[in-house]
Amino acid sequence: MTDTRPTPVDDLPTAYDPAGVEQRLYADWESSGLFHAEPDDPGEPFAIVLPPPNVTGALHVGHALYITEDAMVRHARMTGHNAVWVPGMDHAGISTQTVVERELATEGLTRHDLGRDAFIERVWAWVEEYGGQILNQLRRLGFSLDWEREAFTFDEPRSRAVTEVFVTLHEQGLLYRGNRLISWCPQCMTALSDIEVDHVETAGTLTRFVYPWVDQEPGRDGVTGIAVATTRPETMLGDTAIAVHPDDERYASVVGRTVRHPFLDRTIPVIADDWVDPEFGSGAVKITPAHDPNDFAMAERHDLPAISVIDPDATMNGEAGRFAGMDRFDAREAVVTALDESGLLLDREDYTHQVGTCSRTGDVVEPLLSDQWFLEVRPLADKALAAVEAGDTRVLPPRLQKFFVEWLENLHDWCVSRQIWWGHRIPAWYCGDDHVTVARDTPDACRECGSTDLRQDDDVLDTWFSSQLWPFTVFGWEKPGDVTPELQTWYPNSVLETGYDINTFWVSRMLQIGLWFLDDVPFTTIWNHGLVRDGQGKKMSKSFGNVIDPLEFIESHGADALRLALFQHCSPGTDVPLSPDWVEGARRFLNKLFNTIRFALLNLDGTTPGELPDDAELGLADRWILSRLEVARAAVDDAYGPWDWARMSTALYHFTWDELADWYLEAAKVVLYGDDEDAKSTTRAVLARVLDDLLRLWHPLIPFVTEELWRHLTGATGGRDSLMVQEWPSARTTVDPDVEAEFAVVVDLVTEVRRFRSLNDVAPSRRFPLVVSSTRADLLSDHVDLVTALAGLESISFVEEITERPGTSTIVFGAGEAQVELAGLIDVAAERARLERELDTARGLLERSRAKLANEQFVARAPADVVAAERDREASQERSIAELRRQVDALDELL
RNA sequence: GGGCGCGUAGCUCAGUGGGAGAGCGCUGCCUUCACACGGCAGAGGCCGCAGGUUCGAAACCUGCCGCGCCCA
């Protein structure tokens with residue numbers, strides 16, 4: 001049983017220590033069922049599904065940005081929504097298989113040694129043992145996930161859905177098997193989808209060589225052939241054409257002629273195609289349909305044969321003639337040497353170009369012809385396009401909408417099969433005649449020929465094929481037509497929050513498949529956060545050694561500090577630089593917040609948050625802080641619209657530290673340490689009320705510290721008596737500009753006195769009397785105690801007008817002047833020098849105002865209030881200058 | 001090659017037409033009874049460059065330079 005009772009006030013330490021607090025509170029929240037929601041719970045539905053982290057994953061800072069989802073869900077709960085946030089994991093096909101294979105390798109085994117079934121069992125065992133780690137790490141961040149709804153992309157319900165979707169799409173004629181050019185990773189030994197291929201700028205070599213005319217011998221004078229250029233000479237073994245641009249006059253006479261392959265018994269035609277860029281290289285391009293996507297497309301247009309010369313293991317095959325058996329890169333050099341020896345090599349030059357690499361292994365991707373399963377995406381993408389363009393799904397930040405549209409418009413069919421074992425096995429069976437039977441359950445006989453000798457497809461589906469179903473499979477969807485209470489309530493999801501880097505992989509696919517099968521968008525808003533970078537704004541990467549482990553921050557500063565540091569930087573759509581300094585700073589803030597509450601608890605004398613006292617009883621500082629609270633509250637509410645976390649954090653940070661702690665608490669001390677009991681109880685009531693609202697406003701961002709402090713403040717006992725489920729604050733008062741202006745008079749005078757003190761090296765403990773002349777003397781005399789305390793004065797007296805005397809200094813503030821006896825208080829020469837500097841500044845400002853007002857265009861065309869403000873500025877600078885002069889003169893008499 | 005974004009204090013970033021802001025860092029003073037993880041005060045910016053629009057530009061337009069990302 002967890003003890004959830006708060007520490008007695010007297011035992012509160014002087015500094016906040018998150019250790020212990022966070023894990024205790026999380027356990028309390030979870031065991032009290034506060035994270036769980038049911039479809040028939042009251043309130044407007046609000047749903048987010050957690051982008052499922054890889055089962056192989058460990059927590060990294062990218063996951064830390066899930067805090068934005070947590071804040072959305074917590075805010076939704078407090079505003080009365082029926083809010084659910086569903087956790088789960090992704091089985092991450094290739095990654096997980098690789099991890100387990102690596103483990104096997106340490107035992108000297110490969111997956112083939114174990115065989116398919118035993119290997120899969122081994123992976124499951126691994127998942128059981130290590131797979132849940134990341135979910136526990138997510139708990140450390142305080143995430144209010146509905147753990148009772150945890151799902152896995154490879155569990156049984158999700159797997160049934162995958163099979164249903166595959167079979168249905170096949171029935172609809174959209175999923176087909178074809179021999180097509182795909183991107184192949186020789187290291188993973190599997191096909192990749194387009195987006196698993198990174199284009200990396202690479203220093204390579206451009207090789208130019210000549211294909212000799214079939215009727216001419218090489219080496220003779222005159223035109224003996226046609227020159228081509230390539231960065232991959234080994235592919236020339238698979239060349240089946242040479243293409244030139246139809247309008248290229250240089251080649252007009254050679255289209256239709258034939259060249260002879262120098263190393264193979266093959267002749268190659270010269271064809272014309274306007275895809276060719278006549279400006280590039282010689283203007284003639286070698287065409288290798290089996291190893292280049294553009295060439296493949298051209299081969300289809302011209303009905304050219306496609307000859308594969310490279311095998312899946314990246315060695316040259318039998319079609320490569322004498323180069324057969326060589327590694328592709330060895331073959332590259334060997335071909336160049338052979339060309340040279342044949343006198344066909346023209347030259348080689350350094351050439352930087354983009355090379356497709358496997359995003360997982362970094363190995364150079366080989367375009368290969370292969371039998372694979374493809375999804376015809378056009379019909380799905382068109383539906384998604386229409387939804388995005390109709391605004392059924394809102395893309396935030398808006399500029400990213402263009403990317404969605406562009407990407408959906410240019411989609412190629414999706415290669416969904418993968419030559420690995422860990423994943424959803426493709427529900428297709430082949431008979432001896434290679435007839436295909438696609439079925440939900442293992443079929444008894446071939447649908448075409450009745451053969452009972454069936455073999456299931458060895459391949460599994462791309463992991464994204466299952467994760468695209470996530471927004472509805474987590475709510476019980478297993479087949480078309482399924483309607484569960486959860487789906488009725490929470491589909492479409494409210495928000496899909498993720499980094500913009502997986503929009504193509506994942507987000508747009510959910511959009512397409514969700515619309516296709518449920519006829520509705522999977523989420524009404526797509527919210528893209530930026531990527532977490534290091535303190536210098538660099539992308540975090542292992543090779544830079546700048547990767548930050550969020551758990552380290554949680555250990556040292558607490559999860560709230562990490563969360564706050566991230567929120568403070570998290571503006572819509574921009575990347576988030578995170579440096580240890582920020583987390584440190586956030587922790588200091590939390591300590592400040594903690595001590596604000598601690599101060600209150602030591603002085604509230606048992607007062608707990610309740611109704612505010614009657615207006616008539618409120619003092620100036622009370623009215624002021626309530627007005628400022630309303631400003632902050634409204635700013636936070638505004639910022640929840642666009643989820644502008646940085647603005648939200650800044651508004652609350654500023655209110656908490658610069659207004660509440662720096663001014664209101666100091667003002668409250670004057671009352672609380674005084675002897676007016678009525679005033680004390682008013683102050684206590686206001687303080688308790690403001691702190692309660694403040695903790696609620698902070699809670700979605702920093703849930704632990706606010707919950708802990710709120711329990712202290714209110715005496716709440718935990719369990720369902722939790723800040724997590726309290727009502728979101730609404731306006732207590734209206735913003736009162738008059739009160740704010742009045743308090744500003746006090747603040748202004750106090751600040752000017754402090755400035756005088758600081759600039760003249762007058763110790764804070766040194767009290768002195770002040771003579772004040774002010775247009776707001778009435779106001780100030782009502783708050784003599786306040787001003788005296790905050791400015792550290794001995795006394796204040798009021799006069800109609802300050803009389804300049806030698807040996808005094810005049811402090812100018814907005815609503816008047818104040819006079820200080822200098823004798824024994826200041827260094828006269830230093831003060832004089834300071835005044836001269838101020839004079840310079842004031843003269844400069846006056847000059848600017850005068851120049852502006854002398855401009856007839858300005859006076860005539862600018863709005864009247866702007867001109868009036870400028871005249872005020874001019875007058876006020878004139879007054880300042882006159883006053884500063886008087887002060888300098890007064891000091892001169894002392895010297 | 002196409003597209004998008006960025007360039008503001010030493011660093012990281014807010015700021016979308018009317019006197020430059022924050023956090024951290026820096027300087028000085030202060031261990032005053034919530035907090036030294038603190039308080040008070042201060043220094044520090046041709047707002048990338050050049051044109052243009054405007055009475056007025058960090059902001060709007062054009063060009064250039066530099067950096068980053070995505071796509072081909």
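All values reported here derive from a predicted model rather than from experimental measurement. Below, read A as the first sequence line, B as the second, and so on, with proteins coming before strands; counting in each chain starts at 1.
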Go ahead and name the base partner of [N]; Watson-Crick or wobble counts if both distances stay under 3.5 Å, otherwise write none.
N: B:C24; value: B:G10
N: B:G38; value: B:C30
N: B:C4; value: B:G68
N: B:G45; value: none
N: B:G17; value: none
N: B:A50; value: B:U62

Item to check | Whether A:Asp748 side chain and A:Ala744 backbone form a donor-acceptor pair below 3.5 Å | outcome: no
Next on the checklist: Walk me through whether A:Glu878 and A:Arg850 qualify under salt bridge (Lys or Arg N to Asp or Glu O under 4.0 Å).
Outcome noted: CA-CA 11 Å; A:Glu878 281 169 348; A:Arg850 285 188 172 159; 2.8 Å; yes
When all nucleic acid strands are considered with a 4.0 Å heavy-atom cut-off, which category describes [X]: base, sugar-phosphate, or nothing?
X: A:His569; result: sugar-phosphate
X: A:Arg587; result: base
X: A:Ala646; result: nothing

Item to check | Cation-pi geometry met for A:Arg509 and A:Trp414 (6.0 Å, 45°) | outcome: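 Judged by the rule (NZ or CZ under 6.0 Å from the ring centre, within 45° of its axis), A:Arg509 counts as positioned above A:Trp414.
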Taking [M] as the reference, what is the distance to [N] when you measure between their [atom1] atoms (whole Å, please)?
N: B:G21; M: B:C47; atom1: P; value: 15 Å
N: B:G15; M: B:A72; atom1: C1'; value: 36 Å
N: B:G3; M: B:G44; atom1: P; value: 44 Å
N: B:A14; M: B:G23; atom1: P; value: 16 Å
N: B:G39; M: B:A34; atom1: P; value: 13 Å
N: B:G66; M: B:A50; atom1: C1'; value: 15 Å
N: B:A9; M: B:U27; atom1: C1'; value: 15 Å

Next on the checklist: Tell me if the centroids of the rings in A:Trp645 and A:Tyr640 come within less than 6.0 Å of each other.
Outcome noted: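 Between A:Trp645 and A:Tyr640, the centre distance is under 6.0 Å.
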Next on the checklist: If we count only N and O atoms by modelled type, under 3.5 Å, do the side chains of A:Tyr664 and A:Asp622 hold a donor and an acceptor together?
Outcome noted: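 Checked: A:Tyr664/A:Asp622 side chains pair up, N/O donor to acceptor below 3.5 Å.
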Checklist entry - Are A:Trp698 and A:Thr656 close enough that a side-chain donor and a side-chain acceptor fall under 3.5 Å? => result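 Checked: A:Trp698/A:Thr656 side chains pair up, N/O donor to acceptor below 3.5 Å.
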Item to check | All salt bridge (Lys or Arg N to Asp or Glu O under 4.0 Å) counterparts of A:Asp273, not counting sequence neighbours | outcome: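 Applying salt bridge (Lys or Arg N to Asp or Glu O under 4.0 Å) to A:Asp273 gives A:Arg301.
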Next on the checklist: On RNA chain B, compare the nucleotides closest to A:Trp663 and A:Val859; which residue's is nearer the 5' end?
Outcome noted: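 Checking each residue's closest nucleotide, the 5'-ward one belongs to A:Trp663.
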Can you give me the N/O atom pairs linking the protein to nucleotides 33-35 of chain B at distances under 3.5 Å, or say none if there are none?
| unit_1 | atom_1 | unit_2 | atom_2 | d |
| --- | --- | --- | --- | --- |
| B:A34 | OP2 | A:Tyr673 | OH | 2.7 |
| B:A34 | O3' | A:Arg598 | NH1 | 3.3 |
| B:A34 | O2' | A:Asn595 | OD1 | 2.4 |
| B:A34 | O2' | A:Arg598 | NH1 | 2.9 |
| B:A34 | N7 | A:Lys669 | NZ | 3.2 |
| B:A34 | N6 | A:Ala661 | O | 3.4 |
| B:A34 | N6 | A:Glu666 | OE2 | 3.1 |
| B:A34 | N3 | A:Asn595 | O | 3.1 |
| B:C35 | O4' | A:Asn595 | OD1 | 2.9 |
| B:C35 | O4' | A:Asn595 | ND2 | 3.4 |
| B:C35 | O2' | A:Asn591 | ND2 | 3.2 |
| B:C35 | O2 | A:Lys592 | NZ | 3.0 |
| B:C35 | N3 | A:Lys592 | NZ | 2.8 |

Item to check | Residue-phosphate contact under 4.0 Å: A:Arg757 side-chain N/O, B:A41 OP1/OP2 | outcome: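 For A:Arg757, the contact criterion (side-chain N or O under 4.0 Å from OP1 or OP2 of B:A41) is not met.
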Item to check | Ion pair check, A:Arg871 and A:Glu874, cut-off under 4.0 Å | outcome: no
Next on the checklist: One pair to check against salt bridge (Lys or Arg N to Asp or Glu O under 4.0 Å): A:Glu409 and A:Arg378. What are the steps and the verdict?
Outcome noted: CA-CA 8 Å; A:Glu409 279 172 347; A:Arg378 203 63 261 154; over 6 Å; no
Next on the checklist: Each nucleotide in nucleotides 20-30 of chain B should get exactly one letter: B, S or -. Can you fill that in based on protein heavy atoms under 4.0 Å?
Outcome noted: ---BS---B--
